Amino acid sequence: MKIRMFISIPVKDKQALAPVLADMKLTNNVRPSPASQMHITMRFIGDIDDGKTKKVAKAVFDAVAGMEPFTITIGNAGCFPKPERPSVLWIGAEPSDILKTISDGIARNLKAANIQFDEKPFKSHITVGRCTGPMDPRPFIQKYSGKELESFLCDEILIMRSELSPQGAKHTVLERVPIGLSN
């Protein structure tokens, strides 16, 4: 059976983003992301045979082998693709270099396992809103620039299933890959 899959790091305290999501609700032409779905997408796989879940988990496990849990700090803000025509509003996640190293390792391991995935360059962020029409992201970006919202210990990466429906996406954890366990 085909399922829609992605690899992510969950934001531990979703309440830390409550003020941001409240702002999204008050912003014209922006649909806020559900608080329950706050995460950093490490890699988006898309449609895949659910029998390959273990292979995906191994690719993630091998990418974090030998690493210790580390602290992620969320803050700052931006948009994709550009301020003149934003489609996504986001809050950043640091240390982006460590997160990128993990994402790149996952990508290498997925390729080696012959698993197709979205190869867009990794950008460390949490999607907090999707633009449904023209809007000016500058007030949002200015409000959260230089602001630290939360820090949390990253001790696992999740393999997630995403089921789309008219009510929005429903996310389910398929596998948990711990960080800090030796092979």
Side-chain angles (χ1 to χ4, degrees), residues 5-46 60 63-64 67-108 110 117-160 162 168-169 171 173 177 179-180:
M5 185 184 291
F6 66 96
I7 302 164
S8 71
I9 295 173
V11 173
K12 297 276 172 104
D13 179 9
K14 315 282 195 248
Q15 276 306 112
L17 288 164
V20 177
L21 297 177
D23 285 348
M24 294 294 100
K25 286 180 183 159
L26 300 174
T27 306
N28 286 337
N29 292 331
V30 173
R31 186 179 71 241
S33 299
S36 62
Q37 295 178 5
M38 295 290 105
H39 66 270
I40 303 162
T41 300
M42 299 304 287
R43 281 289 162 194
F44 181 76
I45 293 175
V60 175
V64 297
M67 285 187 74
E68 290 299 318
F70 61 99
T71 299
I72 292 177
T73 301
I74 58 174
N76 288 317
C79 65
F80 295 135
K82 55 188 176 186
E84 298 78 34
R85 273 193 342 182
S87 59
V88 168
L89 301 177
W90 52 262
I91 294 293
E94 295 290 335
S96 58
D97 56 337
I98 292 174
L99 293 166
K100 182 178 179 342
T101 298
I102 294 170
S103 177
D104 291 350
I106 293 169
R108 268 192 311 279
L110 290 172
F117 61 96
D118 184 342
E119 295 192 42
K120 272 190 215 122
F122 174 76
K123 172 72 174 150
S124 185
H125 75 283
I126 299 154
T127 298
V128 292
R130 296 193 180 276
C131 302
T132 57
M135 62 86 62
D136 180 1
R138 290 175 299 186
F140 163 72
I141 293 169
Q142 287 165 356
K143 181 172 183 176
Y144 291 101
S145 282
K147 260 202 184 140
E148 189 176 302
L149 299 171
E150 181 199 5
S151 291
F152 62 91
L153 187 68
C154 175
D155 57 2
E156 68 179 353
I157 297 179
L158 306 180
I159 315 299
M160 302 293 295
S162 177
H171 294 170
V173 177
V177 179
I179 296 176

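Note that the structure is a prediction, hence the values are computed from the model and not measured.
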| query | So, the side chain of N29 versus the backbone of M135: is there a donor-acceptor pair under 3.5 Å, distance only? | reply | no
| Residue pair H39 / Q37: nearest heavy atoms and the distance that separates them | ND1-O, 2.6 Å
| message | Between the side chains of D23 and K143, is the shortest nitrogen-to-carboxylate-oxygen separation below 4.0 Å, so that they form an ion pair? | response | yes
| field | Smallest separation among heavy atoms of P137 and C79, with atom names | value | CG-SG, 3.9 Å
| request: Quick one: pull up CD1 in I102 and CD1 in I179 and give me the separation to the nearest 0.5 Å. | output: 5.0 Å
| Gap separating the NZ atom of K100 from the CE atom of M42, nearest 0.5 angstrom | 10.5 Å
| message | Side chains of T71 and F152, heavy atoms from C-beta outward: is any pair under 4.5 Å? | response | no
| task | Give every residue pair that meets the salt bridge (charged side-chain N to carboxylate O under 4.0 Å, His left out) criterion with at least one member in residues 85-97, sequence neighbours excluded. | result | none
| query | For the residue pair W90 and F80, does the interplanar ring angle fall in the parallel (under 30°), tilted (30 to 60°) or perpendicular (over 60°) class? | reply | tilted
| note | Smallest heavy-atom separation, P10 atom then E156 atom, equals CD-O, 4.3 Å
| Between atom CD1 of I45 and atom CD1 of I106, what is the distance when rounded to the nearest 0.5 Å? | 8.5 Å
| field | Minimum side-chain heavy-atom gap I91-F140 below 4.5 Å | value | yes
| field | Heavy-atom pair of closest approach, residues L153 and K12 | value | O-NZ, 3.0 Å
| Atom CD1 in I9, atom SG in C154: separation rounded to 0.5 Å? | 3.5 Å
| query | Any side-chain heavy-atom pair from P81 and S87 closer than 4.5 angstrom? | reply | yes
| request: Give a yes-or-no answer on whether the side chains of R43 and S103 include a donor-acceptor pair shorter than 3.5 Å. | output: yes
| request: Indicate the atoms forming the closest heavy-atom contact of V30 with G129, along with that distance. | output: CG1-CA, 4.0 Å
| query | Does the side chain to side chain contact (heavy atoms under 4.5 Å, CB included) test come out yes or no for E150 and V11, once each step is laid out? | reply | CA-CA 9 Å; E150 181 199 5; V11 173; 3.4 Å; yes
| message | Could you check whether D104 pairs with R108 (Lys NZ or Arg NE/NH1/NH2 to Asp/Glu carboxylate O, under 4.0 Å)? | response | no
| query | For F122, what residues pass the ring-ring contact (aromatic ring centres under 6.0 Å, His included) criterion, not counting sequence neighbours? | reply | none
| task | Dump the intermediate steps for side chain to side chain contact (heavy atoms under 4.5 Å, CB included) on C131 and L89, then the final yes or no. | result | CA-CA 8 Å; C131 302; L89 301 177; 4.2 Å; yes
| CG on L110 to CD1 on I7, rounded to 0.5 Å | 5.0 Å
| task | Using a 4.5 Å cut-off on heavy atoms from C-beta on, say whether the side chain of H171 contacts that of L158. | result | no
| said: Any heavy-atom pair between the side chains of M5 and F44 that's under 4.5 Å? | reply: no
| Can you check whether E119 reaches F117 side chain to side chain, under 4.5 Å on heavy atoms? | yes
| query | Can you list the steps and then say if Y144 with N76 is a side chain to side chain contact (heavy atoms under 4.5 Å, CB included)? | reply | CA-CA 5 Å; Y144 291 101; N76 288 317; over 6 Å; no
| query | What pair of heavy atoms forms the shortest contact from L21 to S33, and how long is it? | reply | CD2-O, 3.6 Å
| task | Would you please name every residue forming a side-chain contact (heavy atoms from CB on, under 4.5 Å) with A93, sequence neighbours left out? | result | I40, I72, I74, L99, S124
| field | Spacing of NZ belonging to K123 relative to OG belonging to S96, to within rounding of 0.5 Å | value | 7.0 Å
